[in-house]
Amino acid sequence: MHRAKRIISSLRLANSLHSTQLPRTNFLYPQVTTQFSHFSSHITQPHTSTFLNTHQKLLFSSTPEPTIELVLSNDWSKQLEKKLSESNPKLTHETVIYILKKLDKDPQKASGFFNWVTDKNGFKTSSAVYSLMLRIFANKDSMKHFWVTITKMKEQGFYIDEETYETILGDFKSLKMASDATALTHFYKRMVKENTMDEVVKELVKVILGSNWSHEVEKKLGGMEISMHENFVLRVLKELRGCPSKALSFFKWVSGRFGFEHNSVAYNAVVRVLGQDASIEDFWSMVKEMKGAGHEMDLDTYIKVSRRFQKSKMLKDAVELYELMMDGPFKLSVQDCSLLLRTIAADRSPDLDLVFRVVKKYEAAGHSLSKTVYDGIHRSLTSVGRFGEAEKIMEAMRNAGYEPDNLTYSQLIFGLCKTGRLEEAYKVLDVMEAQECIPDLKTWTILIQGHCAANEVDKALFYFAKMVEKNCDADADLLDVLIKGFVSQKRIDGAYKLLVEMVNKTRLIPWQATYKNLIQKLLGEGQLEEALDLLRLMKKQNYPPFPDPFVPYISKFGTVEDAEEFLKALSVKKFPSLAAYQHVFESLFQEGRHSEATDLLYKCPHHVRKHKAICTLFGSEKSGSTAAA
């Protein structure tokens with residue numbers, strides 16, 4: 001309580017905020033006449049896309065379910081291997097990828113399955129399968145498997161593509177595996193250098209990218225000495241991923257020119273390339289062709305293409321792709337369903353029809369609705385202001401044995417704030433406490449953010465104080481929300497005081513981006529001293545220096561003393577780098593402030609004044625000034 005009062009009073013807002021009276025209501029959800037049966041009809045109402053209608057007969061091209069179930073539901077053992085061998089399953093590329101993706105958190109089991117399927121089942125592996133295995137083994141506990149696999153991969157003529165290399169390298173760095181990261185880089189560079197196919201691929205890609213696809217391009221390609229095989233096709237497709245139309249032309253040319261029959265690996269590779277907005281019609285056409293040839297989209301391809309669709313807000317295509325996979329032999333998980341629902345709900349105006357289509361397909365696969373799926377539906381309904389139906393979903397959730405939690409209530413608060421019903425949003429906290437669901441930091445943050453977005457920063461601060469009274473401490477996210485709220489109202493001084501108070505009194509460490517944003521706003525208001533204070537705080541909290549906005553500001557408006565203070569605040573060492581001094585001098589010269597630059601030079605340490613680069617800089621400026629005179 002005292003801590004909250006200190007923070008608020010430091011902003012000189014305490015009196016006005018605590019005098020704010022919030023009306024008391026019995027709010028839970030608005031009264032509605034919409035019945036849940038009406039809402040349910042949206043979910044159960046059949047929806048079939050044009051694509052699925054046209055190609056329904058192609059959806060069940062294989063039945064790998066028994067093998068998948070056997071592998072996923074048992075520990076790996078000799079007995080399991082025996083059962084698998086007795087059933088003698090004919091495993092396709094898609095089935096192997098599906099099983100390995102399901103085992104990506106269990107490297108030991110993934111290794112057992114991979115060794116069995118390649119050594120005893122006769123499965124012909126591919127670069128895609130090897131790449132997936134390397135990603136599974138890219139952790140501290142599986143490095144022996146990793147290096148054995150990567151060596152075996154090279155011996156069999158496969159290569160590590162750039163995407164896989166960058167992904168694994170990033171994993172090694174995040175896991176602090178510096179020696180393995182270095183070894184991987186050496187291995188990758190050596191592999192690229194030794195790969196004679198690489199030069200042929202580069203030459204072919206250069207021809208393709210040199211002009212529009214034409215008979216002339218085909219003639220040039222036909223004159224090249226090309227040994228056409230799966231790996232070569234995959235390499236070229238990866239190089240052409242930025243030009244999907246040319247990748248498609250190459251894919252078709254290969255089969256026409258060489259009579260090359262593309263397999264599942266090649267089809268999945270070209271589908272990955274085509275799965276983007278510029279080539280979406282070609283994407284769906286190729287999916288149709290792939291299914292007609294008896295191949296399925298593998299799970300790894302689905303995940304990559306679906307993420308791209310969701311990131312690009314191609315939500316209708318993402319949902320249709322989800323439906324396609326759920327109608328096929330390789331069912332998606334509840335996590336895939338929840339992720340898609342969350343992305344749809346995050347849209348500015350969520351399309352409820354898309355939500356209902358996803359849920360319908362999930363249920364049709366024999367799944368009962370999980371808590372995350374209920375929350376996905378609830379999130380979309382509250383986001384578009386359909387609070388009545390959202391209440392019915394909460395009732396259904398309870399009936400299914402799931403109690404609404406902070407996530408569920410936060411979605412309601414977000415929706416109410418979004419529709420301007422701020423006081424009702426606050427009352428949700430009373431409802432939560434009555435249900436013994438104590439609001440957590442995320443819930444408070446959403447409430448406060450909703451008020452800031454509605455330009456109600458004073459009320460946001462009031463709720464912030466209430467939050468602290470309830471022993472819920474702020475974090476960097478919440479502070480950033482409040483700072484942005486102040487800035488949006490051009491209350492830069494208030495934002496500065498709040499940040500400094502939170503750092504000094506609660507030992508909170510703001511985000512680097514929060515510091516940078518506020519420093520720029522302070523300099524925009526001519527508050528250099530306050531901006532330097534924040535720069536010093538950044539230094540204390542071990543953030544890298546942020547000189548960018550200071551140098552041009554001081555060069556235009558600052559004094560020599562300001563430049564001195566800036567340079568002192570810039571470094572944790574006794575003196576900042578030579579480059580920092582040089583940057584300031586050059587900027588002063590650009591502003592025509594030669595005398596200030598000279599005065600600053602005399603105040604610099606001896607090693608800076610006598611440095612060759614600095615002497616050269618001042619000598620050239622002196623020569624330039626004399627010539628100009």
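As a basis for the values below, the full set of heavy atoms in this structure was taken, side chains included, without hydrogen atoms, waters or symmetry mates. None of these values were measured; they are calculated from a predicted model.
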Glu162 CD: over 12 foreign heavy atoms closer than 6.0 Å: no
Please indicate whether Lys442 has more than 12 foreign heavy atoms, meaning atoms of other residues, nucleotides or ligands, lying under 6.0 Å from its NZ. no
Interatomic distance, Ile160 atom CD1 to Ser127 atom OG [nearest 0.5 angstrom]: 11.0 Å
Sidechain-backbone polar pair: Asn406 side chain, Ile438 backbone, donor-acceptor under 3.5 Å: yes
Between OH of Tyr515 and CZ of Phe546, what distance do you get to the nearest 0.5 Å? 13.0 Å
Closest non-hydrogen atoms of Ile554 and Asp562, given as atom of the first, atom of the second and distance, are CD1-O, 3.9 Å
Working note: Ser555 + Arg593, criterion side chain to side chain contact (heavy atoms under 4.5 Å, CB included); need CA distance, chi angles, decisive distance, verdict. CA-CA 8 Å; Ser555 299; Arg593 302 183 69 182; 5.6 Å; no
So, do Ile492 and Glu530 sit near enough that their side-chain heavy atoms are less than 4.5 Å apart? no
Is a side-chain donor-acceptor pair under 3.5 Å present for Ser587 with Glu591? no
Aromatic contact, Phe575 with His607 (centres under 6.0 Å): yes
Salt bridge between Glu501 and Lys505, side-chain N to carboxylate O under 4.0 Å? yes
Could you label the plane-to-plane angle of the Tyr188 and Tyr165 rings as parallel, tilted or perpendicular, counting under 30° as parallel and over 60° as perpendicular? parallel
Electrostatic pair Arg308:Asp317 at N-O distance under 4.0 angstrom: no
Check ion pair Glu163-Arg135 (N to O, under 4.0 angstrom): no
When you look at CH2 of Trp147, are more than 12 heavy atoms from neighbouring residues, nucleotides or ligands closer to it than 6.0 Å? yes
Would the distance check show the side chain of Arg241 and the main-chain N or O of Lys238 forming a donor-acceptor pair, the cut-off being under 3.5 Å? yes
Between CD1 on residue Ile208 and NZ on residue Lys246, distance to nearest 0.5 Å: 8.5 Å
Would you say Asp440 and Thr443 are linked by a side-chain donor-acceptor pair, where the criterion is simply a distance under 3.5 Å? yes
Rounded to the nearest 0.5 Å, what's the gap from CG on Leu447 to NZ on Lys466? Could you check? 12.0 Å
Does NZ in Lys313 sit with more than 12 non-hydrogen atoms of other residues, nucleotides or ligands closer than 6.0 Å? yes
Nearest 0.5 Å, what's the OG1-CG distance between Thr164 and Leu132? 9.0 Å
Heavy-atom closest pair (Cys472 atom, Trp444 atom, distance to 0.1 Å) is SG-CD1, 4.1 Å
Could you give me the CA-CA distance, side-chain angles and deciding distance for Asp180 and Phe146, then say whether side chain to side chain contact (heavy atoms under 4.5 Å, CB included) is met? CA-CA 10 Å; Asp180 289 297; Phe146 179 87; over 6 Å; no
Output for pair (Ser488 OG, Ile483 CD1), nearest 0.5 Å, gives 11.0 Å
Quick check: closest heavy atoms across Pro350 and Ile344, and the distance to 0.1 Å? CB-O, 3.5 Å
Evaluate the side-chain proximity of Leu240 to Val205: yes if any heavy-atom separation is below 4.5 Å, no if none is. yes
Closest approach of Pro576 to Leu567 (non-hydrogen atoms, all atoms of both residues): CG-O, 3.4 Å
Is it the case that more than 12 heavy atoms not belonging to Lys521 sit under 6.0 Å from its NZ atom? no
Any Gln590 side-chain heavy atom under 4.5 Å of Pro552 side chain: no
Before giving the answer on side chain to side chain contact (heavy atoms under 4.5 Å, CB included), spell out for Leu416 and Leu422 the whole-Å C-alpha distance, their side-chain angles and the decisive distance to 0.1 Å. CA-CA 6 Å; Leu416 289 168; Leu422 302 178; over 6 Å; no
With side-chain hydrogen bond (donor to acceptor under 3.5 Å, both in side chains) as the test, pick out the partner of Trp511 among Asp477, Asp480, Asp475. Asp477
Quick check against the 3.5 Å criterion: does Ser312 have a side-chain atom that pairs as donor or acceptor with the backbone of Phe309? no
Centroid separation Tyr553 to Phe566 less than 6.0 Å: no
Give a yes or no answer on whether the side chain of Ser279 reaches the backbone of Leu274 with a donor-acceptor pair at less than 3.5 Å. yes
Asp458 and side-chain hydrogen bond (donor to acceptor under 3.5 Å, both in side chains): which partner among Gln489, Arg491, His451? Arg491
Salt bridge Lys206-Glu239, side-chain N to carboxylate O under 4.0 Å: no
Consider ring-ring contact (aromatic ring centres under 6.0 Å, His included). Of Tyr602, Tyr581, Phe585, which one does Phe618 pass it with? Phe585
Give a yes or no on whether the backbone of Gln411 and the side-chain of Arg379 come within a donor-acceptor separation of less than 3.5 Å. no
Please verify the inter-ring angle class for Tyr463 with Tyr426; under 30° counts as parallel, over 60° as perpendicular, anything in between as tilted. parallel
Could you check whether any side-chain heavy atom of Phe589 comes within less than 4.5 Å of a side-chain heavy atom of Leu617, counting everything from C-beta outward? yes
Smallest heavy-atom separation, His378 atom then Ala390 atom, equals CD2-O, 3.4 Å
Tell me whether Lys371 is salt-bridged to Asp375, with the criterion being a basic N under 4.0 Å from an acidic carboxylate O. yes
Before giving the answer on side chain to side chain contact (heavy atoms under 4.5 Å, CB included), spell out for Thr149 and Leu134 the whole-Å C-alpha distance, their side-chain angles and the decisive distance to 0.1 Å. CA-CA 7 Å; Thr149 303; Leu134 291 179; 4.0 Å; yes
Is the OH atom of Tyr496 crowded by more than 12 outside heavy atoms at less than 6.0 Å? yes
Looking only at heavy atoms, the pair that brings Pro544 and Met538 closest together is O-CE, 4.0 Å
Got a salt bridge between Arg272 and Asp300, using NZ or NE/NH1/NH2 to carboxylate O under 4.0 Å? yes
